[in-house]
Protein chains: 2
Amino acid sequence: MLDAIARLRRFNRAVTREVGALDTSFLGRGRPLGMVRVLQLVRPEGTDVALIRDRLTLDSGLTSRFLRSLEREGLIETDTDPADRRRRIARLTTAGQAELAAYEAIGHDRAARLITKAGSRADEVVAAMDLIATLLNRDQMEIREADPDSPEALACQRAYFSELVARIPGLHLDQFPLPDPKADSYRPPKGRFLVAWSDNLPVGCVSLRPLDTTTAEVKRLWVHDSARGQGLARRLMTAIEGEARSLGYTTLKLDTNSALTEAIKLYRATGWSDIAPYTQPPGDTWMGKTL
Amino acid sequence: MLDAIARLRRFNRAVTREVGALDTSFLGRGRPLGMVRVLQLVRPEGTDVALIRDRLTLDSGLTSRFLRSLEREGLIETDTDPADRRRRIARLTTAGQAELAAYEAIGHDRAARLITKAGSRADEVVAAMDLIATLLNRDQMEIREADPDSPEALACQRAYFSELVARIPGLHLDQFPLPDPKADSYRPPKGRFLVAWSDNLPVGCVSLRPLDTTTAEVKRLWVHDSARGQGLARRLMTAIEGEARSLGYTTLKLDTNSALTEAIKLYRATGWSDIAPYTQPPGDTWMGKTL
DNA sequence: AATAATATCTGACTAAAGTCCGACATATTA
DNA sequence: TAATATGTCGGACTTTAGTCAGATATTATT
């Protein structure tokens, strides 16, 4: 443990230097870092000013001045929130989107250089970064609905199928075409596809499709390697069960494979129990839950 | 590659937040971060002011002011470098060492909390941090002489023997007692023990012991997992060969095991060639080089 | 309806970091 | 020996980040 702490602190020092260098790169476009950090949180659809303040733990006065400055530059627009007219919502303008893209490009170049530096160990380094970033972002993971054919949902499903193939003997990737021809069953109004985000990286998914008017099936529960052991699968299951409830289903089913031991353990721990088989292989374990 | 870059940038964001929080923790002792960073580079034996400036990429005026301020507080002392009297050398006083220890304690607490947060995956997280920190520190790795019984040299040898045991069937750790009863042969004036440092972490070692007046043996070449694939083993070999040369040896020998393929590949690539056996198992490959 | 709480904004202020310049002593080169 | 380069220093200045208090509008509570 003592040694681990010394090594973590070495990591901090190394990264402080790197991040310090990264900060100055933002200055390349003549705007202070604080303002850029705000800009990066403003979405084209609009972001709550309170959320920005909260995320960056900024003083309200400072936030306000940053927003005014960005507004003067024409990068954002602000409006009062119709729901609570004390609140304000900041929205990225077209010019703002272009400016943000320019920052993306700068960061992109720096990142590419660092990855090149990693040489033959680039994959390992990226996996290591994922692990650390997911850990640091842990308290800010969000679960949002997504279209099953969106790029992020496809990435999740691809990873999920790869894992199935790796863990269950006799399966092949071409058995799982993507985009899924049956994607429509995971779409509203009867179905759902949820994606878990850690910052901008999709780190998990789960989906729901109707079987009959009162029964739905949970499918494709997957968690990114870097996010395992942190209770995300449980959160995803809670979320999808909540969706099922609000869609009016009273019974849930799922089929899984006995090789996926952690998943089965989770199901049992959250009130699922074995039921009669209702699908073909690769499923060999069937479970159900009454809502 | 594209995806890797997006993920690296996510890592940067996560770490910027964490490091930002880390920075403010330094303010707890009423000294600005910049000054603390300088203080951390000053060693009790003395550090070149130019080196400090270089490492932190500071303006000379700013560096000077930080040093004056630390000097006024009695934490450091400065002297002109006798070798080049334009240069100055900063030395940590006893008070400075105490102050630095206090900072260590603060960082220690924060680090311990983060590791606790990693839970069951703490080991993986620390390994991931090592990999990234070593990559970022790559251009600043230093090779320095150490006593074979110093804690860092022992750590290196322990890791080296563990690796031997893991890779060569039939070996047991108790065959390699530490501290080494024959440590004296690796000490000056006839022997050498070199340790490679990445920041404060020993990431590699190599040693030399006399066989006769003109022949020496290279032993215990080891590189930390996080530092592999970056040419460190080659640097260590170059360094130890240089030491051998300056000690007046004309011939070098080593014995190794055929399981250590990367090492053997390196030896062949740097002018070593096979020679007649001269030791017992676990050695099964013997090489020599004329200086 | 009065009071309290909340969200934002503005202005005044401070601390920290960093830049630029000239002065000075010393070292290197022509 | 003269000219040039280098390393350090201190002063004047700017930018950035952050704090604090008060004003205003709106919402929630009593």
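Lettering of chains follows the sequences in order, A, B, ..., and the numbering in each one begins at 1.
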Colleague: What's the CG-C1' distance between B:L56 and C:dA16, to the nearest Å?
Modeller: 15 Å
Colleague: Could you state the CG-P distance from A:L51 to C:dT8, rounded to the nearest angstrom?
Modeller: 10 Å
Colleague: So if I take residues 69-77 of chain A and measure heavy-atom distances to DNA chain D, which residues fall below 4.0 Å?
Modeller: none
Colleague: Round to the nearest Å and state the distance from B:R37 atom CZ to C:dG18 atom C1'.
Modeller: 12 Å
Colleague: Who pairs with A:L62 by side-chain contact (heavy atoms from CB on, under 4.5 Å), at least two apart in sequence or on another chain?
Modeller: A:L58, A:D59, A:R65, A:F66
Colleague: How long is the line joining CZ of A:R31 and P of D:dT15, in whole Å?
Modeller: 16 Å
Colleague: Taking side-chain contact (heavy atoms from CB on, under 4.5 Å) as the definition, give me every residue that meets it alongside B:T80, ordered by chain and number, with sequence neighbours left out.
Modeller: B:R88
Colleague: If you pin A:L58 and A:D81 to their nearest nucleotides in DNA chain D, which one's is more 5'?
Modeller: A:L58
Colleague: Can you tell me how far P of C:dG18 sits from CE of B:M35, to the nearest Å?
Modeller: 14 Å
Colleague: Taking side-chain hydrogen bond (donor to acceptor under 3.5 Å, both in side chains) as the test, write out the residues that go with A:D147, two or more places apart.
Modeller: A:R187
Colleague: Just the rounded figure in Å: distance from P of D:dA28 to CZ of A:R85.
Modeller: 12 Å
Colleague: How many Å lie between CG on B:D79 and P on C:dT26, as a whole number?
Modeller: 14 Å
Colleague: For B:E45, what residues pass the side-chain contact (heavy atoms from CB on, under 4.5 Å) criterion, not counting sequence neighbours?
Modeller: B:R43
Colleague: Distances for protein N/O vs nucleotides 4-11 of chain D N/O pairs under 3.5 angstrom?
Modeller:
unit_1: D:dT6; atom_1: O4'; unit_2: B:R86; atom_2: NH1; d: 3.3
unit_1: D:dT6; atom_1: O2; unit_2: B:R86; atom_2: NH1; d: 3.3
unit_1: D:dT8; atom_1: OP1; unit_2: B:R88; atom_2: N; d: 3.2
unit_1: D:dT8; atom_1: OP2; unit_2: B:R53; atom_2: NH1; d: 2.6
unit_1: D:dT8; atom_1: OP2; unit_2: B:R53; atom_2: NH2; d: 2.9
unit_1: D:dC9; atom_1: OP1; unit_2: B:R68; atom_2: NH1; d: 3.1
unit_1: D:dC9; atom_1: OP1; unit_2: B:R68; atom_2: NH2; d: 3.2
unit_1: D:dC9; atom_1: OP1; unit_2: B:R88; atom_2: NH1; d: 3.0
unit_1: D:dC9; atom_1: O5'; unit_2: B:S64; atom_2: OG; d: 3.4
unit_1: D:dC9; atom_1: O5'; unit_2: B:R68; atom_2: NH1; d: 3.2
unit_1: D:dC9; atom_1: N4; unit_2: B:S60; atom_2: OG; d: 3.4
unit_1: D:dG11; atom_1: O6; unit_2: B:R65; atom_2: NH2; d: 3.4

Colleague: With sequence neighbours left out, what residues match B:E152 under salt bridge (charged side-chain N to carboxylate O under 4.0 Å, His left out)?
Modeller: none
Colleague: If the condition is side-chain contact (heavy atoms from CB on, under 4.5 Å), which residues does B:A196 pass it with, not counting sequence neighbours?
Modeller: B:I143, B:V203, B:L232, B:L236
Colleague: Determine whether A:E142 and A:R55 satisfy the following criterion, salt bridge (Lys or Arg N to Asp or Glu O under 4.0 Å), listing intermediate values before the conclusion.
Modeller: CA-CA 14 Å; A:E142 276 179 33; A:R55 278 283 173 90; 3.1 Å; yes
Colleague: Could B:D79 and B:R87 be called an ion pair, given the rule that one side-chain N must be under 4.0 Å from one carboxylate O?
Modeller: no
Colleague: Return the set of residues passing salt bridge (charged side-chain N to carboxylate O under 4.0 Å, His left out) with B:R245 (not counting sequence neighbours), or none when no residue passes.
Modeller: none
